[in-house]
Amino acid sequence: MLDYKECFKQCYTIRAFEKKIEEEFGKGNMRGTTHGCIGQEVIPVIVMNYINQETDYIVGTHRCHGQVLAYDMDPYRLFCEMMGRRDGFVNGMGGSQHIKNRKFLTNGITGGMVVVGNGIAMSIKKNHKQGIVVSFLGDGGFNEGFVQETFNLASHYELPILFVCENNHYAMSTPTEKFSAGTFKRRIQALDIKYYQAYSGDVEQLDEMIGLGTAFVRNEQKPAFIEVSTARLCGHSKSDKMEYMSSSEKNHNAKKDPLKFISGKLMEDEIEELKCHINETIKDAYVRADKCPEM
């Protein structure tokens, strides 16, 4: 059973963080680039409910802020990392996309960490260790040649890895349907990989599918793939105004926002209290990070 209050707290913390990042980039207070995950926050939050941080590894994507915070709810250290400050996860040297925190790793290459996750899963199997690997990827990275090779090897060697595809239906500004042949389901099943499908707007179904997927990988010591249909409610990156998306599509996606589903499980006064506290926490974390010395 989902703890909806805790789920809301974590999802809203990620969203408030992303909103603050947008604000500060807009003011010219931050450098480099960033890729927001507004609308997709619930996916990593629920995934982490099924993770044993002592034994399991997580490999993320370039759109990793939500994954990082779901793994370790520490906005101060993530702000520091993005601002090049020494209290960041890798002392401010990784920026927005290249982060390591205990058994969480990610980089900025589209689909790049899928291969790394496979290698970790191979090590777990060969050394008879406990744990599994969860590898996040996006629909835009699915068609990379090395990603397809990774799926093949994961199946052939029966590796304990769960692929979580956050399918927001856009590769940057291009609709996935305009460049991707067939369906992810048929292509994954053709490799004898267990396939699950979920929709981020149906949080209860999402929780069920992630639970089934992680249990399958742990019990069978074989790979599984979860395709989560979701929507990105912000641009691909900080400079993206989403001009490729119609107003009707934006409105439809906003109505299906998973946070609205979660909010429906809580009292209005409770939600406002949580929002107020989280907004202050994010604001304070940014102020402290801004004072942290650079490396």
[X] side chain to [Y] backbone, donor-acceptor under 3.5 Å:
{"X": "Glu227", "Y": "Ala198", "answer": "no"}
{"X": "Lys185", "Y": "Tyr195", "answer": "no"}
{"X": "Gln10", "Y": "Met73", "answer": "no"}
{"X": "Thr106", "Y": "Thr61", "answer": "yes"}
{"X": "Arg85", "Y": "Asp290", "answer": "yes"}
{"X": "Gln97", "Y": "Asn107", "answer": "no"}
{"X": "Asp257", "Y": "Leu259", "answer": "yes"}
{"X": "Lys260", "Y": "Ala254", "answer": "yes"}
{"X": "Asp207", "Y": "Val203", "answer": "no"}
{"X": "Gln205", "Y": "Tyr199", "answer": "yes"}

Quick one: do [X] and [Y] make a salt bridge, cutoff under 4.0 Å?
{"X": "Asp87", "Y": "Arg288", "answer": "no"}
{"X": "Arg15", "Y": "Glu18", "answer": "no"}
{"X": "Lys9", "Y": "Asp3", "answer": "no"}
{"X": "Glu23", "Y": "Lys27", "answer": "yes"}

Does one hydrophobic cluster hold both [X] and [Y], with members joined at side-chain heavy-atom distances below 4.5 Å?
{"X": "Ile58", "Y": "Ile109", "result": "no"}
{"X": "Phe25", "Y": "Met242", "result": "no"}
{"X": "Phe89", "Y": "Tyr286", "result": "yes"}
{"X": "Tyr76", "Y": "Val287", "result": "no"}
{"X": "Ile43", "Y": "Ile51", "result": "yes"}

Decide yes or no for [X] and [Y]: does some side-chain heavy atom of the first lie under 4.5 Å from some side-chain heavy atom of the second?
{"X": "Leu105", "Y": "Ile120", "result": "yes"}
{"X": "Asp240", "Y": "Arg232", "result": "yes"}
{"X": "Phe79", "Y": "Lys20", "result": "yes"}
{"X": "Val134", "Y": "Val164", "result": "yes"}
{"X": "Gln40", "Y": "Ser200", "result": "no"}
{"X": "Ser96", "Y": "His65", "result": "yes"}

Exercise for review: Determine whether the side chains of Glu208 and Tyr196 contain a donor N or O and an acceptor N or O closer than 3.5 Å.
Suggested key: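 Tyr196 and Glu208 do not have a side-chain donor-acceptor pair below 3.5 Å.
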
Exercise for review: Could you tell me whether the side chains of Glu144 and Thr110 share a donor-acceptor contact shorter than 3.5 Å?
Suggested key: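 Per modelled atom types, Glu144 and Thr110 side chains form no pair under 3.5 Å.
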
Check your understanding: Of the options Tyr71, Tyr57, Phe136, which is the one that meets Phe104 in a ring-ring contact (aromatic ring centres under 6.0 Å, His included)?
Key ->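 Only match with Phe104 under ring-ring contact (aromatic ring centres under 6.0 Å, His included): Tyr71.
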
Taking atom [atom1] of [X] and atom [atom2] of [Y], what is their separation to the nearest 0.5 Å?
{"X": "Ile132", "Y": "Lys222", "atom1": "CD1", "atom2": "NZ", "value": "15.5 Å"}
{"X": "Ser263", "Y": "Glu270", "atom1": "OG", "atom2": "CD", "value": "10.5 Å"}
{"X": "Thr34", "Y": "Ile21", "atom1": "OG1", "atom2": "CD1", "value": "5.5 Å"}
{"X": "Met245", "Y": "Leu233", "atom1": "CE", "atom2": "CG", "value": "8.5 Å"}
{"X": "Leu78", "Y": "Ile99", "atom1": "CG", "atom2": "CD1", "value": "5.0 Å"}
{"X": "Ser229", "Y": "His169", "atom1": "OG", "atom2": "NE2", "value": "3.0 Å"}

Of all heavy-atom pairs between [X] and [Y], which one has the smallest distance, and what is that distance?
{"X": "Cys11", "Y": "Val45", "value": "SG-CG2, 3.9 Å"}
{"X": "Ile193", "Y": "Ser155", "value": "CG1-CB, 3.8 Å"}
{"X": "Tyr12", "Y": "Asn279", "value": "OH-OD1, 3.2 Å"}
{"X": "Ser173", "Y": "Pro175", "value": "O-CD, 3.6 Å"}
{"X": "Ala171", "Y": "Thr176", "value": "N-OG1, 4.3 Å"}
{"X": "Val42", "Y": "Pro258", "value": "CG1-CB, 3.8 Å"}

Exercise for review: Verify ring-ring contact (aromatic ring centres under 6.0 Å, His included) between Phe142 and Phe163, making sure each step is shown before the conclusion.
Suggested key: CA-CA 11 Å; Phe142 184 91; Phe163 301 102; 9.6 Å; no

Exercise for review: Kindly determine whether Asp56 and Arg218 satisfy side chain to side chain contact (heavy atoms under 4.5 Å, CB included), including the steps that lead there.
Suggested key: CA-CA 10 Å; Asp56 298 342; Arg218 288 190 198 283; 2.4 Å; yes

Practice item. Test Asn101 against Val68 for side chain to side chain contact (heavy atoms under 4.5 Å, CB included), laying out the working first. Key: CA-CA 8 Å; Asn101 181 21; Val68 173; 5.7 Å; no

State whether the number of non-hydrogen atoms from other residues, nucleotides or ligands found under 6.0 Å of [X] atom [atom1] is greater than 12.
{"X": "Gln130", "atom1": "CD", "value": "no"}
{"X": "Glu273", "atom1": "CD", "value": "no"}
{"X": "Arg31", "atom1": "CZ", "value": "no"}
{"X": "Lys250", "atom1": "NZ", "value": "yes"}
{"X": "Lys256", "atom1": "NZ", "value": "no"}
{"X": "Tyr157", "atom1": "OH", "value": "no"}

**Study point:** Step-by-step side chain to side chain contact (heavy atoms under 4.5 Å, CB included) determination, Asn168 to Arg63
**Key:** CA-CA 12 Å; Asn168 60 35; Arg63 195 176 309 283; 4.3 Å; yes

Check your understanding: Between Arg102 and Asp72, is a side chain to side chain contact (heavy atoms under 4.5 Å, CB included) present by the stated rule, with each step listed?
Key -> CA-CA 10 Å; Arg102 304 194 306 278; Asp72 187 343; 3.3 Å; yes

**Study point:** Trace of the side-chain hydrogen bond (donor to acceptor under 3.5 Å, both in side chains) decision for Tyr244 with Glu249
**Key:** CA-CA 10 Å; Tyr244 46 84; Glu249 185 176 358; over 6 Å; no

Exercise for review: Look at the aromatic rings of His236 and His62 and report parallel, tilted or perpendicular, splitting at 30° and 60°.
Suggested key: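 His236 and His62: tilted rings.
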
Practice item. Begin with the C-alpha distance, continue with both residues' side-chain angles, and end with the deciding distance and a verdict on side-chain hydrogen bond (donor to acceptor under 3.5 Å, both in side chains) for Asn143 and Ser180. Key: CA-CA 7 Å; Asn143 289 303; Ser180 189; 3.2 Å; yes

Exercise for review: Test Pro160 against every option in Ile124, Val133, Asn219 by the side chain to side chain contact (heavy atoms under 4.5 Å, CB included) rule and name the one that passes.
Suggested key: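 Of the listed options, the one satisfying the test is Ile124.
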
